[in-house]
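Naming: A, B, ... by sequence-line order, numbering from 1 per chain.
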Amino acid sequence: MLKYLKERGPSGARLPLILCPGCGAGQVLNYTLHAVDKIIHEDGIRKEDLAFISGVGCSARLTSHYLNFDSAWTLHGRALAIATGALLANPELKVIVFTGDGDVAAIGGNHFIHACRRNINVTILCVNNGLYGMTGGQVAPTTPAGIETTTTPYGNVEAEFDLCKLAQTAGATYIARWTTAHPRQTIKSITKAIRKKGAAFVEILSQCPVHNKTSPVEMLHNLKKNTVSIKKTKQSEKGKIRIGEFCDITRPEWTAKYQHIIDQYSR
Amino acid sequence: MNKLHINPGYCKGCLICVENCAPKAIKAADKINSRGYNLPIEDDMKRCSGCKLCEIVCPDFAITIEIDETNNKKK
Amino acid sequence: MTHPQEKHFLKPGVHYLQGSQACAEGAIMAGCRVYAGYPITPASEIMEHAALRFPKVGGRFIQMEDEISSASVLLGASWAGAKAMTATSSPGFSLMQEVISFAIMTETPLVIVDVQRPGPGQGYITTSQEDVMQARWGHHGEGSIIALSPSSVQEMFEFTIEAFNLAEHWRSPVLLMAEETVAHMRERVRVPSQRQIKIINRKKPQDLGITPEQYLPYGHDTIPPMANWGEGYNVNHVSLVHYADGKITQYNPEMHFENVRRVQQKIENNISKIARLEAKFIEGCRHLVICYGSVSRTAIEAVIEAREEYGIDIGYLKLITLWPFPEEQLRKVVKKVDTIFVPEMNLGMMKHPITEALRDRCKKIIAIPSLGNLHAPEDILDSICKELK
């Protein structure tokens with residue numbers, strides 16, 4: 001997949017990725033490029049039809065200067081509004097947004113729910129590591145209760161969001177949750193999400209070895225252990241996070257609906 | 001026999017590839033390299049099935065498996 | 001950009017429009033095809049007119065969930081090749097400052113209209129010029145910006161087109177610092193035909209024979225040529241300090257200084273090409289009124305009456321461009337006067353750069369403030385007479 005990255009430019013080498021050893025965000029990038037590669041080869045999509053946008057955080061670094069695609073590393077929480085703008089200018093673009101749990105559910109929460117409500121044609125890939133990684137490990141809206149972080153040194157008193165439920169209520173038309181320990185399922189879901197004409201949300205539970213002070217391998221092991229596929233059980237299993245495809249429906253997409261207005265009133 | 005290639009400039013020794021290798025064809029080196037990482041090295045590449053899961057799960061695009069077409073193992 | 005829906009443009013000739021409408025129509029004539037907005041008094045009419053008119057010319061309009069996302073839409077739209085605009089009022093303008101800062105650093109052309117109302121806080125919903133300092137200094141960090149001050153419905157139309165041209169040429173966000181007066185007033189507007197309007201579009205690497213392999217998103221020139229998304233140039237937009245090729249690692253102070261200084265000097269070294277002012281009765285005048293925006297409409301009346309009824313030898317100077325501040329141009333025009341009067345709908349803001357520019361060219365500078373209300377000609381004339389008679 002290195003062909004999809006800018007390994008070096010006129011001012012020198014850009015790789016290795018700036019991320020910590022064993023960071024789940026790096027894996028999400030790898031999975032995404034595998035999905036993109038599949039789509040380019042199977043669907044006849046050109047490389048220049050894709051655009052990647054990120055906000056701020058570890059996940060956002062993926063677009064900082066690594067991608068051999070049109071991309072932008074933008075403002076914390078605002079990637080989805082910016083993606084909306086790109087689609088208003090060129091609805092043919094396939095826009096993929098890398099976001100983190102803080103970026104999409106805290107500062108970007110409002111834009112997240114409206115992007116889903118509008119069913120704008122965007123693929124939202126959320127690297128969810130349950131905290132704010134880039135800034136040193138603070139609590140996030142996705143940090144479970146009781147967890148100690150740098151800003152919850154006595155334990156988190158808040159409950160966490162279920163981002164997939166949030167996406168569902170807001171109106172996203174493809175919703176899935178996997179983990180970095182489920183590469184093939186993640187690639188499959190990302191592929192489906194990019195192909196989806198509408199707001200597609202894929203949450204990937206991801207390890208942050210540094211702030212959790214746990215080795216990447218052990219964290220991946222835990223991700224596998226602490227999750228259960230919704231295919232296996234309809235009930236919530238105590239202490240386990242449900243993963244799988246939660247939603248795959250069809251609803252009119254924003255630019256498609258607006259095009260009817262343009263067609264009718266520009267005559 | 002398939003060959004393991006590690007880019008020592010990109011690999012950060014997280015060993016996720018080794019963990020994901022079901023046939024255990026690769027292992028972690030005993031010694032650390034100049035950057036402080038234990039790089040993955042070949043253990044017994046006869047066991048390598050060419051599934052390339054290691055390439056998929058690498059966070060740093062540091063690993064490639066060169067498939068030996070002449071000795072193609074069919075499963 | 002081409003204009004396939006020209007049949008839906010305003011017909012050439014004289015139209016009777018509200019300033020807000022003229023602004024939206026100017027945007028359409030300039031080639032703007034993406035509008036994002038959020039309701040706020042007294043700017044909502046611009047948005048409502050855009051909602052009505054944009055689809056007719058093949059453009060897209062969206063009402064976003066807040067001002068921050070409205071401004072953010074402009075970033076993505078511009079990178080994808082469209083001219084994009086939003087309009088807000090003072091409280092929304094405060095919210096947009098981070099996006100403006102980001103647009104300055106990524107050198108993204110876009111137009112933001114601030115229909116100023118009094119502050120601070122919710123202030124009031126009438127007219128004001130209280131954001132003119134925020135226009136220059138509200139965004140965090142260094143860099144420079146272009147801000148125009150329209151004083152009539154005709155100028156709402158023309159300056160919106162000029163704002164887009166400046167944005168595209170200088171690869172910069174451009175602010176149209178309107179006021180409630182000029183947005184809500186209705187006047188006749190002379191609308192030329194599309195062919196008579198000068199439109200400037202961003203310079204692209206394709207125009208200069210630069211291939212995708214050779215392309216440096218922040219290089220090649222002081223105003224870097226700008227490739228759009230979807231053209232195969234693999235453009236990475238980034239607002240961390242960067243090298244000309246967009247690389248952000250291997251930071252060093254030289255790269256930092258080079259990057260930010262070029263972005264700032266791109267505008268600050270070219271003020272004479274960007275800034276405009278308008279002068280009347282200025283030749284050898286003894287005193288001077290310097291004004292901008294809708295205040296210039298009543299200030300000119302005061303100046304004429306001061307000259308004709310009171311025999312005061314006073315000139316009139318209108319700032320069309322507030323930022324970059326035309327210090328050199330002012331000094332060229334104003335050689336020696338006694339008193340400079342600066343009527344503003346604030347407690348004295350542009351008075352500061354005016355003082356800095358002309359302190360040694362005059363004996364006294366007097367602010368004539370008004371809050372929430374347009375000065376009547378008598379208000380300005382009374383201050384002049386009180387001082388000089």
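In the displayed structure, B:Tyr10 atom OH is contacted under 6.0 Å by more than 12 heavy atoms of other residues, nucleotides or ligands. More than 12 heavy atoms of other residues, nucleotides or ligands sit less than 6.0 Å from atom NE2 of A:His76.
Using a 4.5 Å cut-off between heavy atoms, A:Glu218 does not touch chain B at all. Both the backbone and the side chain of A:Leu29 come within less than 4.5 Å of a heavy atom of chain B.
When all heavy atoms of B:Glu55 and A:His34 are compared, the closest pair comes out as O-CE1, 4.5 Å. Annotation for A:Pro183 and B:Val57: closest pair CG-CG1, 3.7 Å, computed over non-hydrogen atoms.
Taking CG of B:Asn20 as the start and CG of A:Leu220 as the end, the distance is 7.0 Å to the nearest 0.5 Å. In this structure, B:Ile16 CD1 and A:Gln207 CD are separated by 5.0 Å, a value rounded to the nearest 0.5 Å. One distance of note links CZ of B:Phe61 with CG of A:Leu5; it measures 5.0 Å at 0.5 Å rounding. The line from OG1 of A:Thr186 to CD1 of B:Ile56 is 11.0 Å long, rounded to the nearest 0.5 Å.
B:Asp60 places no side-chain N or O within donor-acceptor distance of the main-chain N or O of A:Gly26, the cut-off being under 3.5 Å. Checked by atom type and distance alone, the side chain of A:Gln27 never pairs as donor or acceptor with a backbone atom of B:Pro59 at under 3.5 Å. With B:Lys12 contributing its side chain and A:Leu19 its backbone, the two residues share a donor-acceptor pair below 3.5 Å.
Ranked by heavy-atom pairs under 4.5 Å with chain A, the first of B:Gly13, B:Ala62, B:Gly9, B:Cys58 is B:Cys58.
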